[in-house]
Amino acid sequence: MPSPDHVTPGEKRKLTRLAKDLKHWAKVNGRDFPWRSSEANTYQQVVVEVLLQRTTAAAVAGFFEAFVAKYPSWGQLASANVEDLEEFLRPLGLWRRRAQSLLGIAKYAAEKEGQFPSDPLEHRQIPAVGQYVSNAIMQFQHGQPAPLLDVNMARVIERFVRPRKLADIRHDKWLQEAAHWLVRQDPREVNWAVLDFAALICRSRSPLCTSCPVSARCSYFKRGGNAQAG
DNA sequence: AAGCCGGGGCC
DNA sequence: GGCCCAGGCTT
């Protein structure tokens, strides 16, 4: 009996096949956002993660262009007036907390000329940078494979393979390992594919299992998880 | 481990 | 009306 903290070889094969299938699925069905554009710079790729926290990507999509126009760099964001920033963020929600987060990370980044540490342990002290944003930094600035492991990616992995043991995503070793394995090749493409798949098919409420490209191998589907069948 | 932030979309 | 959303911070 394998340790519950460890991803088994069988689970790794499942995840490898899942990554392949979701990449294929996303080529046709994936979403297109401005921050995924080849034009997007590291500032935009990192700052958007703060905008996306607890916020739908659709809402950020209608906001992103205006934000980067008003605050085009870490330096200009760092020197923003707090009240102006709060007012600008208001339609997006979480505006007080988010203004503080953005100012904090911008001041740090401006000080370091936009360079974040390559050691994720050093990210702990940076405002607004938790495990998720840390992984985004590792991927987008340092080219290191890292999972954008949020509630959505967690849901996909848990349904497809098995549920995690711990309540907190960040403390579940098995889930962490599974997510890293899932995105180890073509991390950008797979990360975005998984997030798109989670948002469009493997939704938290009423998942569209009948339209799912991987339902045949999904443990959640095989257990009859979706009662209304899409 | 749980509560909090927050407006908007969706049921 | 309640739930959810590319989390992080505080208690």
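Chain naming here is simple, since letters A, B, ... match the order of the sequence lines and numbering starts at 1 in each. Excluded from the calculations below are hydrogen atoms, water molecules and symmetry mates; all remaining heavy atoms, backbone and side chain alike, are included.
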* Between dG8(B) and dG8(C), how far apart are the P atoms? Round to whole Å, please. => 23 Å
* Between R205(A) and A167(A), who's closer to the 5' end of DNA chain B by nearest nucleotide? -> A167(A)
* Asked: Considering heavy-atom distances to DNA chain C, does S134(A) or S204(A) have its closest nucleotide positioned more toward the 5' end?
  -> S204(A)
* Between W95(A) and dC5(B), is there a side-chain N or O to OP1/OP2 distance below 4.0 Å? -> no
Please list, pair by pair, any protein nitrogen or oxygen found under 3.5 Å from a nitrogen or oxygen in nucleotides 9-11 of chain C.
| from | atom 1 | to | atom 2 | distance (Å) |
| --- | --- | --- | --- | --- |
| dC9(C) | OP1 | A128(A) | N | 2.9 |

* Of the non-hydrogen atoms in W74(A) and G114(A), which two are nearest, and what is the gap between them? -> CD1-CA, 3.8 Å
* To do: For residues R164(A) and D172(A), report the shortest heavy-atom separation together with the two atoms involved.
  => CB-OD2, 3.2 Å
* Integer angstrom distance from the C1' of dG6(B) to that of dC4(C) -> 12 Å
* Structure fact -> Looking only at heavy atoms, the pair that brings V50(A) and A128(A) closest together is CG2-CB, 4.3 Å
* Salt bridge present between E11(A) and K14(A) (N-O < 4.0 angstrom) -> no
* Report the relative orientation of the aromatic rings in W35(A) and F64(A); use parallel for angles under 30°, tilted for 30 to 60°, perpendicular for over 60°. => perpendicular
* R54(A) side-chain N/O to dG6(B) phosphate OP1/OP2 under 4.0 Å -> no
* To do: Whole angstrom is fine here: how far is it from CZ in F63(A) over to P in dC5(C)?
  => 21 Å
* **Below 4.0 Å: OP1/OP2 of dG8(B) and any side-chain N or O of T55(A)** => no
